[in-house]
Amino acid sequence: MSNLFRLLTALAAGTLLGLGLAVSQMIDPAKVLNFLDIFGNWDPSLAFVMAGGLAVNALITPFILKRQRPLLAEFFRLPLKVEIDKRIIIGGILFGIGWGLAGYCPGPIITSLSFIDRDILIVFIAFVVGTFASRWALAHTKNTA
Amino acid sequence: MTIINFTPLPALLGGSLIGLAAAFLLLAQGRVAGISGIAGGIIYPEDKNDISWRLMFVLGLVLGGFIYQWMGFGVGVGHIRAIVDTPLLIIGGLLVGIGTQIGTGCTSGHGICGLARRSPRSLVATLCFMGSAVVTVYVVRHLSGVA
């Protein structure tokens with residue numbers, strides 16, 4: 001029973017997030033690239049997506065973390081690492097280049113599948129291949145970070 | 001620099017929904033709503049028993065896109081499509097996949113959830129991907145003469 005609730009809440013959270021990505025126009029690569037083009041014709045809208053998301057999340061999160069445990073799980077699984085390593089910098093830079101080239105970050109890649117469009121399928125497959133390859137490589141190399 | 005197509009209200013509303021969705025996942029399951037991490041656990045799983053909720057979450061992401069179109073929130077939603085050529089789409093998608101797995105997070109995980117918890121790692125990651133994305137767009141649009 002609790003497993004069913006876990007699946008349903010995951011579906012609800014994903015749906016709400018996908019709706020947010022769509023309403024905010026984060027799924028429009030033209031808007032994303034115009035936002036990133038701060039030296040050209042600049043569309044600052046997406047800064048408000050970040051600001052809104054961050055404000056709401058930062059406001060609620062401390063109250064949630066005051067709880068002993070989540071509603072449907074034994075404990076909170078938060079990333080505890082704090083140190084800045086090479087991985088976070090190199091990964092961040094590579095991700096940014098990809099985002100700046102195509103105008104898609106992971107959320108919009110997945111939510112845009114709803115448009116059933118050839119180009120979006122191409123980005124999605126490339127994202128899946130890149131994800132698989134790098135996770136495979138990371139799992140098969142010694143942790144150098 | 002000229003300001004164009006500025007739509008602060010849908011951006012704020014949509015952003016708030018994203019923040020709310022991430023908070024809800026944390027409250028219900030104790031999980032961070034990092035989309036690249038959740039998807040990564042399906043594409044190359046570390047734990048075979050940890051896939052079903054990820055699939056539901058990803059399904060929800062697509063469902064959210066459908067609901068948006070059905071409800072007609074967006075006038076002219078049919079016009080949302082990729083704006084660069086196929087080779088750039090392929091390279092872009094590959095790099096987004098590779099970069100988010102190496103850097104353990106994307107715009108949602110680091111940019112929203114991580115910063116909301118004031119994680120220094122997420123701050124550095126966010127600065128790195130925002131910075132490199134701005135530089136990339138500058139090079140493509142203003143230096144290369146393409147696009």
Side-chain angles (χ1 to χ4, degrees), chain A residues 7 9-11 13-20 22-24 28-30 36-37 41 43 45 48-49 52-53 56-58 60-61 64 70-73 76 84 88-89 91-102 105-107 110-111 113-114 119 122-123 126-127 130-132 134-135, chain B residues 2 4-5 7-8 11-12 14-19 21-30 35-36 40 43-44 53 56-57 60-66 68 80 82-83 88-90 92-103 106-107 112 116 124-125 128-129 132-134 136-137:
Chain A
L7 295 180
T9 50
L11 181 70
T15 306
L16 197 61
L17 214 159
L19 192 59
V23 169
S24 66
D28 185 353
L36 294 170
D37 192 9
N41 291 325
D43 177 355
S45 310
F48 286 71
V49 184
V56 168
N57 197 249
I60 305 177
T61 296
I64 296 173
L71 294 174
L72 303 170
F76 290 102
I84 313 297
I88 203 110
I89 294 171
I93 290 172
L94 290 177
F95 163 39
I97 295 173
W99 192 29
L101 286 178
C105 58
I110 297 171
T111 296
L113 287 174
S114 63
D119 282 352
I122 290 172
V123 187
F127 167 72
T131 298
F132 184 90
S134 50
R135 284 175 77 90
Chain B
T2 323
I4 53 162
N5 303 334
T7 52
L12 264 181
S16 304
L17 288 179
I18 295 169
F24 179 63
L25 190 70
L26 186 68
L27 174 66
Q29 321 226 7
I35 295 172
S36 60
I43 296 164
Y44 189 90
W53 75 273
M56 294 301 274
F57 181 86
L61 285 176
V62 183
L63 191 61
F66 275 122
Y68 172 76
I80 297 183
I83 58 163
L88 279 187
L89 289 177
I90 294 173
L94 280 172
L95 284 175
V96 169
I98 295 166
T100 52
Q101 298 309 318
I102 294 177
C106 61
T107 337
I112 304 273
V124 170
C128 285
F129 66 69
S132 79
V134 165
T136 302
V137 170

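Here is the naming used below: chain letters follow the sequence lines, and residue numbers restart at 1 for every chain.
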Would you please test A:Trp99 and B:Thr107 for side chain to side chain contact (heavy atoms under 4.5 Å, CB included) and show each step? CA-CA 10 Å; A:Trp99 192 29; B:Thr107 337; 4.3 Å; yes

Could you tell me which portion of B:Val124 (side chain, backbone, both or neither) has an atom closer than 4.5 angstrom to a non-hydrogen atom of chain A?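 Just its side chain gets close to chain A.
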
Donor-acceptor contact below 3.5 Å, side chain [X] vs main chain [Y]:
X        : Y        : result
A:Arg135 : B:Gln101 : no
B:Ser132 : A:Ile93  : yes
A:Thr111 : B:Leu61  : yes

Give the member of [options] that has the highest number of heavy-atom pairs under 4.5 Å with chain A.
options                            : value
B:Leu12, B:Thr7, B:Leu27           : B:Leu27
B:Pro8, B:Cys106, B:Ala28          : B:Ala28
B:Leu25, B:Val62, B:Leu63, B:Ile90 : B:Val62

Among [options], residue most engaged with chain B (heavy-atom pairs, under 4.5 Å):
options                               : answer
A:Phe132, A:Phe95, A:Phe127           : A:Phe95
A:Leu113, A:Thr61, A:Thr9, A:Ile89    : A:Thr9
A:Leu16, A:Val123, A:Ile122           : A:Leu16
A:Ser114, A:Gly53, A:Ser134, A:Gly130 : A:Ser114
A:Ala73, A:Ser45, A:Ala58             : A:Ser45
A:Gly100, A:Pro70, A:Ala102           : A:Pro70

Quick check for you: to the nearest 0.5 Å, what is the distance between [X] atom [atom1] and [Y] atom [atom2]?
X        : Y       : atom1 : atom2 : result
A:Leu19  : B:Leu17 : CG    : CG    : 5.5 Å
A:Leu101 : B:Leu88 : CG    : CG    : 5.5 Å
B:Phe129 : A:Leu36 : CZ    : CG    : 10.5 Å
B:Thr136 : A:Ile97 : OG1   : CD1   : 5.0 Å

Can you name the nearest heavy-atom pair linking [X] to [Y], along with the distance?
X        : Y        : answer
B:Ile35  : A:Gly107 : CD1-CA, 3.5 Å
A:Asp28  : B:Ile80  : CA-CG2, 3.9 Å
B:Ala116 : A:Asn57  : CB-OD1, 3.2 Å
A:Ala13  : B:Ala21  : O-CB, 3.5 Å
A:Leu94  : B:Leu95  : O-CB, 3.7 Å
A:Ser24  : B:Gly15  : CB-N, 4.1 Å

Minimum side-chain heavy-atom gap B:Ser36-A:Thr131 below 4.5 Å: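 No; the side chains remain at least 4.5 Å from each other.
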
Derivation and outcome, side chain to side chain contact (heavy atoms under 4.5 Å, CB included), residues A:Leu17 and B:Phe57: CA-CA 9 Å; A:Leu17 214 159; B:Phe57 181 86; 3.8 Å; yes

Under 4.5 Å from any heavy atom of chain B - which part of A:Ile60: side chain

Could you check whether atom CZ of A:Phe48 has more than 12 heavy atoms from other residues, nucleotides or ligands sitting under 6.0 Å from it?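 Check fails, neighbour count at 12 or below.
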
